Amino acid sequence: KGKETFLEDKILNEFKINSYIEINNDNISVTLISNDHNNSIANDIMRCIQEEFNDRKNITIKFNEN
């Protein structure tokens, strides 16, 4: 659970968006709590998460309105 919390905090600090993250092996599922469904922000968040890992991860982003 430590890595999920770390990444949730990183997204909150860098993008001011609350999130929920699940990591299952190489798959990372990110749920953003945001009304703004912005592809650019989603791509930036994927890069932000990937840079924390040496190997390639499958990152999926979905938006959940608050």
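Every value quoted in this text rests on a predicted model; they were computed, and no experiment measured them.
How far NZ of K16 is from CD1 of I41: 12.5 Å, rounded to the nearest 0.5 Å.
The closest side-chain heavy-atom distance from S34 to E65 is not below 4.5 Å.
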*Mind running side chain to side chain contact (heavy atoms under 4.5 Å, CB included) on F15 and C48 for me, showing each step along the way?*
CA-CA 10 Å; F15 300 96; C48 164; 3.9 Å; yes
*Taking it one step at a time, do K10 and E52 satisfy salt bridge (Lys or Arg N to Asp or Glu O under 4.0 Å)?*
CA-CA 10 Å; K10 183 173 181 176; E52 295 297 324; 2.5 Å; yes
*asked:* side chain to side chain contact (heavy atoms under 4.5 Å, CB included), that's the test. Do I28 and F53 meet it? Break it down for me.
replied: CA-CA 11 Å; I28 300 176; F53 297 92; 3.6 Å; yes
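In terms of heavy atoms, I17 sits closest to I11 at O-CG2, 3.5 Å. Closest approach of I59 and M46 over heavy atoms only: CD1-O, 3.5 Å. Shortest non-hydrogen contact noted between E4 and I21 is CG-O, 3.2 Å.
Between the side chain of E22 and the backbone N or O of V30, no donor-acceptor pair lies under 3.5 Å. Counting only distance, with no hydrogens or angles, the side chain of N24 and the backbone of N27 share no donor-acceptor pair below 3.5 Å.
D26 and N58 share no side-chain donor-acceptor pair at under 3.5 Å.
With I61 as the fixed residue, the side chain to side chain contact (heavy atoms under 4.5 Å, CB included) test singles out one of T31, L32, N39: L32.
Residues Y20 and L12 do not share a hydrophobic cluster, clusters being chains of Ile/Leu/Val/Met/Phe/Trp/Tyr side chains in contact below 4.5 Å.
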